[in-house]
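In what follows, a structure is listed as structure tokens, so that the remarks can point back to it.
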Amino acid sequence: MQKNNFLIIGNGLAGTVLAHTLKQHQISFSIIANKELSKSSWVAGGLWNPVVFKRYTKSWMADVLLSEMKLFYQLCEKKHSAKYYYELPLLKPLANNDEIKFWNKASDFNNYLHDQLILPEELCFKNIQHPMAYGLVKETGRINLERFLTLSHSEFASVTTNETFDYNEIIINENDLVYKNNSYCAVIFCEGHLMTSNPLFNKTMLKPAKGELLELENETIDIKNYIITKNSFLFNLEANKYICGATYEWDDLTDHVTEKAKHELLKKAALISNTHFKITKQLSGVRPSSVDRRPIIGQHPVYKNIYAFNGLGTKGVMLAPYFAKHLTKHIINGEKLMPEVNLNRFYL
Ligand SMILES: Cc1cc2nc3c(=O)[nH]c(=O)nc-3n(C[C@H](O)[C@H](O)[C@H](O)COP(=O)(O)OP(=O)(O)OC[C@H]3O[C@@H](n4cnc5c(N)ncnc54)[C@H](O)[C@@H]3O)c2cc1C
């Protein structure tokens, strides 16, 4: 395929990481996006972690995703002369001997679980509910997504039109497509959960999950620069400011914050510290989760110049860099897509 003039719809995490990747491969593109339509990438905690806590197993493809992720964001940081990639240790409080035994057993098989437990007194935390011990997860951290997206959007401002894409205006030809009198070689839809409104794609691929977070103020606690996860995560945003998240909701898919989520999150924060948290902000967004928890990428089953890059779900930070490259190589060099992520699995 001729390597120019792609049209990207959406500039959340998916569209933005894809734009960087196309640029790295010297492929030109334009972007149409209305950031007001979906806030998932703007509200996300931005954490990455290679462990599934239910059984302490490694998360899917963790090793390769992590190494690609690190390279990608650090390269962008260099380009932007800014910092938004932070390696931060993550602690799992272990309440009793059974939980400690379970961790120790799992750490024999999962190299992301530190086999040496940490005792609460070693950490000098202030006003935190002491567990019996903490398990330390290796290779965890956070991307400051607001900073990454803001700087990326400035970088791509000259090729971005800030408007809502109108599906009725697209004319799909054999070898190109036309949108509002402009011709493109192909369009790549990166609309997040709003893909469910795209008439070109099967609505049942996604199972969007709303999530809410609280930004909290607390002058009495100190958790250093650790992320603590206990039914939720808590991390220090800046002096005295913390983020606690996140909730999961599958029926109400609006962007509105709710009292129910607020109470749920305050309860979760109280499991980590029984001190007073003042709410300074409540945020909400809808995750583009897929029904089988795998990304949804690739070519439309009928229209060869229509693609999707979606389904990043709860792990967008880790998944986006690897799979943006995977999709780019597929489009440009015809490299085969992994069947687990190929959107044609929903059409077979
Ligand atoms: C509360 C919460 C916490 C989270 N925490 C984490 C975390 O800690 N770590 C992690 O890895 N992930 C986290 N996530 C998930 C993460 O946010 C997503 O995986 C990721 O941001 C999805 O990016 P996206 O670009 O696919 O979707 P979106 O961010 O929804 O972006 C889609 C973009 O397309 C635009 N768009 C859609 N339709 C149109 C149209 N017709 N015309 C123009 N523009 C359009 C939208 O407005 C939007 O800007 C969290 C999500 C939530 C809600």
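In what follows, every heavy atom counts, from backbone to side chain, and hydrogens, waters and symmetry copies are set aside. Both counts, for ligands and for their atoms, begin at 1 and track the order of listing.
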Item to check | Partner of L265 under side-chain contact (heavy atoms from CB on, under 4.5 Å), chosen from L216, T247, I279 | outcome: T247

Checklist entry - Of all the non-hydrogen atoms in the protein, which one sits nearest to atom 39 (C) of ligand 1, and at what distance? => result L37 CD1, 3.5 Å

Checklist entry - Does any donor atom in the side chain of T164 or N34 lie under 3.5 Å from an acceptor atom in the other side chain? => result yes

Checklist outcome for this item: Numbered in order shown, the ligand 1 atoms found under 4.0 Å of a heavy atom of C190 are 32 (C), 33 (C), 34 (O)

Checklist entry - Counting only heavy atoms, which portion of L312 has something under 4.0 Å from ligand 1: side chain, backbone, both, or neither? => result both

Checklist entry - Does L136 belong to the same Ile/Leu/Val/Met/Phe/Trp/Tyr cluster as L66, with side-chain heavy atoms less than 4.5 Å apart forming each link? => result no

Item to check | Mutual orientation of the aromatic rings belonging to F165 and Y179 [parallel < 30°, tilted 30-60°, perpendicular > 60°] | outcome: parallel

Next on the checklist: So that I can tick it off, tell me whether K260 and E264 are bridged by a salt bridge, with the cut-off set at under 4.0 angstrom between side-chain N and carboxylate O.
Outcome noted: no

Checklist entry - Is it the case that K35 places NZ or CZ above or below the six-membered ring of W42, under 6.0 angstrom from the centre and within 45 degrees of the axis? => result yes

Checklist outcome for this item: the protein heavy atom lying closest to atom 23 (O) of ligand 1 turns out to be S41 OG, 3.1 Å

Checklist entry - Quick one: which ligand 1 atoms are inside 4.0 Å of a heavy atom on L47? => result 7 (C), 8 (O), 9 (N), 10 (C), 11 (O)

Checklist entry - Purely on distance, is any nitrogen or oxygen of F165 under 3.5 Å from one on ligand 1? => result yes

Checklist entry - Are any of the N/O atoms in A14 less than 3.5 Å from those in ligand 1? => result yes

Checklist entry - Strictly by modelled atom types, are T275 and N127 linked by a side-chain donor-acceptor pair under 3.5 Å? => result no

Checklist entry - Salt bridge or not for K138 and E87, using N-O below 4.0 Å? => result no

Checklist entry - Do any nitrogen or oxygen atoms of K39 lie less than 3.5 angstrom from nitrogen or oxygen atoms of ligand 1? => result no

Checklist entry - Which atoms of ligand 1 are found less than 4.0 Å from any heavy atom of K35? => result 47 (O), 49 (O)

Next on the checklist: Check this for me - ligand 1, I32, N or O atoms closer than 3.5 angstrom, yes or no?
Outcome noted: no

Checklist entry - Quick one: does ligand 1 sit under 4.0 Å from the side chain of L194, the backbone, both or neither, non-hydrogen atoms only? => result side chain

Checklist outcome for this item: Looking only at non-hydrogen atoms, the one of G211, P288, G46, G192 nearest atom 7 (C) of ligand 1 is G46

Checklist entry - How close does the nearest protein non-hydrogen atom get to atom 48 (C) of ligand 1, and which residue and atom is it? => result S38 O, 3.6 Å

Next on the checklist: Considering both backbone and side-chain atoms of S40, is one of its nitrogen or oxygen atoms within less than 3.5 Å of a nitrogen or oxygen in ligand 1?
Outcome noted: yes

Next on the checklist: Under 6.0 Å from the ring centre and within 45 degrees of the ring axis: does the NZ or CZ of K210 meet both conditions for the six-membered ring of W250?
Outcome noted: no

Checklist outcome for this item: Going by the 4.0 angstrom heavy-atom rule, the piece of E163 near ligand 1 is backbone

Checklist entry - Starting from atom 13 (C) of ligand 1, which protein heavy atom do you reach first, and at what distance in Å? => result T314 O, 3.5 Å

Item to check | Residue part near ligand 1, for K315, under 4.0 Å between non-hydrogen atoms | outcome: backbone

Checklist entry - What is the nearest protein non-hydrogen atom to atom 18 (C) of ligand 1, stated with its residue, atom name and distance? => result G313 O, 3.4 Å

Checklist entry - Can you list the atoms of ligand 1 that are under 4.0 Å from a heavy atom of A33? => result 43 (C), 44 (N)

Checklist entry - Numbering the atoms of ligand 1 from 1, which are under 4.0 Å from a heavy atom of R287? => result 51 (C), 52 (C), 53 (C)

Checklist entry - Can you name the nearest heavy-atom pair linking L13 to A320, along with the distance? => result CG-CB, 4.3 Å

Next on the checklist: Are any of the N/O atoms on L213, whether in the backbone or the side chain, positioned under 3.5 angstrom from an N/O atom of ligand 1?
Outcome noted: no

Item to check | Between T258 and E212, a side-chain donor and acceptor under 3.5 Å | outcome: yes

Next on the checklist: Ring-plane angle category for F323 and W60, please: parallel below 30°, perpendicular beyond 60°, tilted otherwise.
Outcome noted: parallel

Item to check | atom 34 (O) of ligand 1: the protein heavy-atom neighbour that sits closest, reported with distance to 0.1 Å | outcome: G10 CA, 3.3 Å

Checklist entry - Less than 3.5 Å between some nitrogen or oxygen of L13 and one of ligand 1, yes or no? => result yes

Next on the checklist: Looking only at side-chain N and O atoms, does S152 offer a donor or acceptor that is under 3.5 Å from a partner on H20?
Outcome noted: yes

Checklist entry - Between F156 and F29, is the gap from one ring center to the other below 6.0 Å? => result yes

Checklist outcome for this item: shortest atom 3 (C) of ligand 1-to-protein heavy-atom contact is with A44 CA, 3.7 Å

Checklist entry - What protein heavy atom sits nearest atom 5 (N) of ligand 1, and how far away is it? => result G45 N, 3.2 Å

Next on the checklist: Please confirm whether F233 approaches ligand 1 to less than 4.0 Å, judged on its heavy atoms.
Outcome noted: no

Checklist entry - Closer than 4.0 angstrom: is that true for some heavy atom of G245 and an atom of ligand 1? => result no

Item to check | Ion pair K281/E215, N-O distance below 4.0 Å | outcome: yes

Checklist entry - Using heavy atoms and a threshold below 4.0 Å, how should the contact between Y167 and ligand 1 be classified: side chain, backbone, both, or neither? => result side chain

